[in-house]
Every structure is written in C-alpha cells, then in structure tokens.
J.: 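My questions all concern the structure below.
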Number of protein chains: 2
Amino acid sequence: MDSTQLLKGVLDAAVLAVLSERDGYGYDIVRRLREAGLEGVGDASVYGTLRRLFQSGALTSYVLPSDEGPHRKYYGLTPAGAQQLSEARDSWKAFSHTVQGIFDGARSAA
Amino acid sequence: MDSTQLLKGVLDAAVLAVLSERDGYGYDIVRRLREAGLEGVGDASVYGTLRRLFQSGALTSYVLPSDEGPHRKYYGLTPAGAQQLSEARDSWKAFSHTVQGIFDGARSAA
DNA sequence: CGCAGTACCGCGTATCACACAGTAGAGCGC
DNA sequence: GCGCTCTACTGTGTGATACGCGGTACTGCG
C-alpha cells in the first residue's frame, strides 16, 4: 500500500496541527511528524506544504538564528490557519467516518 | 475543504469494498459510493479506477445485457482484489489512527 | 423523431507528495 | 585550512490520480 496517496489532503492539516502545539521550523516539523507516525514523510513535501500554507495566509513566519547550524525559519498559525485546522479536522472526521462505514459494509477478510 | 485530495488513495479501496458486497457495474458503483457518503465522487474517477484495478488483476469483468439501456460491464473481486482490500483496510486503519493522534495532540479551535 | 435516462469512455488539467540535487552555516578531527 | 557531518532550506522534475467536460450508444416514451 502506498500511503503517499493517503497523505494527500492530510499533510496540510497535519502540519497545521503540529504547529498549533507550538511554533516550529521546517526541519523540526519533519521530525515531529515522523515521530507522530507519519514515518515516510519527505522533507521536501513538508517544506512545500509550509510554503503553500504561508502563501495562503495560514501561517506567519519569522527567522531566528541558531546556535548549531544555519538560521531557522519558524512558522506559526495565524487565525486563518487555526480556522483552517478546525475545518480540516471536521472534514477529516466526516471523511474517515464515511470511509470506515464503507469498509464496515464490506464483507471479506475479517 | 476539498475532499478530492482526501479521496486519493482511498477510492481504490472504496471500490473494492463496495464490490466485496456484490458485483456491480460502473454506473451502479458510482451510485453506491455516493449513497455511502462519497457524494462528490465523479463518474470518470470511478471508471478510471475500475480500469486500473482490472488491469492490475484485482477485478474480473463480464458483460451482461440490460433491459433498460446499453450493456453493463460488471466487475467482481478476484482473490488478489480481496487481498488488496484487506491490505488497504489495514493501511487505512493504521493511517487514520495516526492522523487522529495528530489532531488529538493539537490544541486549538475546539 | 427528439428527448431523457442509462451506461461507458477518453482527453486534458490540477493537485500534490516525492526523489534528487544543490546551497550554506557551524563544529570537529587532522 | 580541508574535508566531513549535521543542521536547515530550496528548486526542479516526475508520477499518481481525481475531476470536468464532452462524446458515443442503447432504450423507452410522447
């Protein structure tokens, strides 16, 4: 199974969710997502998502120097981002419920 | 929210699930999926999915005449298809659990 | 005969995650 | 000082796939 396709439409929300806990920068977010179970997530995917979310106004960003490497570009949720997270969460809930229902309706390989 | 993206990676499994109940033809499957809650699913998406699944060996197909319209191309699961459904179901379970965990970890716009 | 409903395709498009490669700063060993 | 590794960010091209739109074709009805 290719969870790549499953990820679509969820990565945005996952990034927003992770950032709602606390601000973070790209490299850090990748780590956090992987620790959360999205093990296969590619770094380029996350950076791309961050750019998209930022451009759509869901995120703010500010750069801070680091003591162990190049500067870090931190991202945080805007109110619009928080709302988007909320909506994504609702969508996810409805969608996952629907899909679950379809699988439950299927008789097969227990 | 665009459930289009969420659908990716799930439509295959949804079609397999619906067919595990009983064989069906394209037009019918579209209706069944919509009734199951996937309201926005496009017919072309389903036909494309059926073709793909058939070519990958997950489905068999046979044509029957209809008394109220053109012929119908019925599809049914092969053993490989049943197994793919089973795997997809497992993937879904793990994935949805992970995503749920990420949303639960987020504090936000309750 | 035209029209609606059923049934099936094909083509072009958009989105999105990913692999891969490249840039760059900081600290380490030699 | 040089190369190496780790941290950190970015750009390009590719593949998968759902969708919109349009087209074909058969049936029954007025």
Side-chain angles (χ1 to χ4, degrees), chain A residues 1-16 23-34 38-56 58-59 61-75 84 88 91 95 98-99, chain B residues 1-16 23-34 38-56 58-59 61-75 84 88 91 95 98-99:
Chain A
M1 276 305 105
D2 188 6
S3 62
T4 283
Q5 296 303 323
L6 289 176
L7 242 200
K8 298 204 175 191
V10 172
L11 187 53
D12 282 26
V15 167
L16 290 172
D23 289 5
Y25 53 95
Y27 209 74
D28 173 54
I29 293 168
V30 172
R31 270 194 303 243
R32 287 207 257 161
L33 288 174
R34 293 214 241 248
L38 262 25
E39 304 188 8
V41 71
D43 58 319
S45 307
V46 173
Y47 284 111
T49 298
L50 287 170
R51 283 177 149 290
R52 240 183 292 129
L53 289 173
F54 176 70
Q55 286 200 327
S56 76
L59 301 179
S61 87
Y62 48 99
V63 174
L64 292 183
S66 163
D67 49 339
E68 45 175 342
H71 68 279
R72 292 167 174 171
K73 197 186 255 174
Y74 281 79
Y75 291 94
Q84 188 176 332
S91 290
F95 181 74
T98 295
V99 172
Chain B
M1 275 306 103
D2 190 7
S3 61
T4 283
Q5 297 305 321
L6 290 175
L7 243 199
K8 296 202 177 192
V10 172
L11 187 54
D12 282 28
V15 168
L16 290 172
D23 289 5
Y25 54 96
Y27 209 75
D28 172 55
I29 293 167
V30 171
R31 271 195 301 243
R32 286 207 257 162
L33 288 175
R34 293 215 241 247
L38 263 24
E39 304 189 6
V41 71
D43 59 320
S45 306
V46 173
Y47 284 111
T49 299
L50 286 170
R51 282 179 149 289
R52 240 183 292 128
L53 289 173
F54 176 69
Q55 285 200 326
S56 77
L59 301 179
S61 87
Y62 49 97
V63 174
L64 291 183
S66 162
D67 49 341
E68 44 174 344
H71 69 279
R72 292 167 173 171
K73 196 186 253 174
Y74 281 79
Y75 291 94
Q84 188 176 331
S91 290
F95 181 73
T98 294
V99 172

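By convention in this document, chain letters (A, B, ...) are assigned in the order of the sequence lines, proteins followed by strands, and residues within each chain are numbered from 1.
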J.: Using atom types as modelled and distance alone, determine if a side-chain donor or acceptor of A:Ser45 lies under 3.5 Å from a backbone N or O of A:Val41.
T.: no
J.: Listed by chain and number, what are the side chain to side chain donor-acceptor pair (under 3.5 Å) partners of B:Asp43, not counting sequence neighbours?
T.: none
J.: To the nearest Å, how far apart are A:Leu6 CG and D:dT17 C1'?
T.: 13 Å
J.: How would you list, by chain and number, every residue that makes a side chain to side chain donor-acceptor pair (under 3.5 Å) with A:Asp28, sequence neighbours excluded?
T.: A:Arg32
J.: How long is the line joining OH of A:Tyr25 and C1' of D:dT10, in whole Å?
T.: 17 Å
J.: Output the rounded distance in Å from OH (B:Tyr62) to P (C:dC8).
T.: 12 Å
J.: Please determine if a side-chain N or O atom of A:Arg31 lies less than 4.0 Å away from the OP1 or OP2 oxygen of D:dA8.
T.: yes
J.: Between A:Gln55 (CD) and C:dC16 (C1'), how many Å, whole number?
T.: 15 Å
J.: State, to 0.1 Å, how close A:Ala58 and A:Leu16 come at their nearest heavy-atom pair, and which atoms those are.
T.: CB-CD2, 4.3 Å
J.: So, does A:Tyr27 get its side chain near the phosphate of D:dT7, meaning an N or O under 4.0 Å from OP1 or OP2?
T.: yes
J.: So, is A:Thr49 near the phosphate of C:dA17, with a side-chain N or O under 4.0 Å from OP1 or OP2?
T.: yes
J.: Have a look at A:Val41 and say if it touches a base, only the backbone sugar-phosphate, or nothing, with a 4.0 Å heavy-atom cut-off.
T.: sugar-phosphate
J.: Send over the distance from B:Asp28 CG to C:dT6 P, rounded to a whole Å.
T.: 12 Å
J.: Reading nucleotides 20-30 of chain D from the 5' end, what letters show protein touch, with B for base, S for backbone sugar-phosphate only, - for no heavy atom under 4.0 Å?
T.: BB---BBSS--
J.: Using ring pair (Phe, Tyr, Trp, His ring centres under 6.0 Å) as the criterion, list what pairs up with A:Phe54, not counting sequence neighbours.
T.: none
J.: Taking only N and O in the side chain of B:Tyr47, is any of them less than 4.0 Å away from OP1 or OP2 of C:dC8?
T.: yes
J.: Could you tell me whether the side chain of B:Lys8 has a donor or acceptor atom within less than 3.5 Å of a complementary atom in the base of C:dT15?
T.: yes
J.: If the condition is ring pair (Phe, Tyr, Trp, His ring centres under 6.0 Å), which residues does A:Tyr74 pass it with, not counting sequence neighbours?
T.: A:Tyr25, A:Tyr62
J.: Give the rounded distance in Å between these two atoms: CD1 of B:Ile29 and C1' of C:dT6.
T.: 15 Å
J.: Measure NZ/A:Lys73 against P/C:dA24 and give the value in whole Å, please.
T.: 15 Å
J.: Please list, chain by chain and in numerical order, all residues satisfying side chain to side chain donor-acceptor pair (under 3.5 Å) with B:Arg52, sequence neighbours excluded.
T.: B:Asp12
J.: What is the distance from CG of B:Leu7 to P of D:dA18, rounded to the nearest Å?
T.: 7 Å
J.: So, OP1 or OP2 of D:dG11: does either fall under 4.0 Å of a side-chain N or O from A:Arg51?
T.: yes
J.: Can you tell me if B:Arg52 touches the phosphate of D:dA18, counting only side-chain N or O atoms and a distance under 4.0 Å to OP1 or OP2?
T.: yes
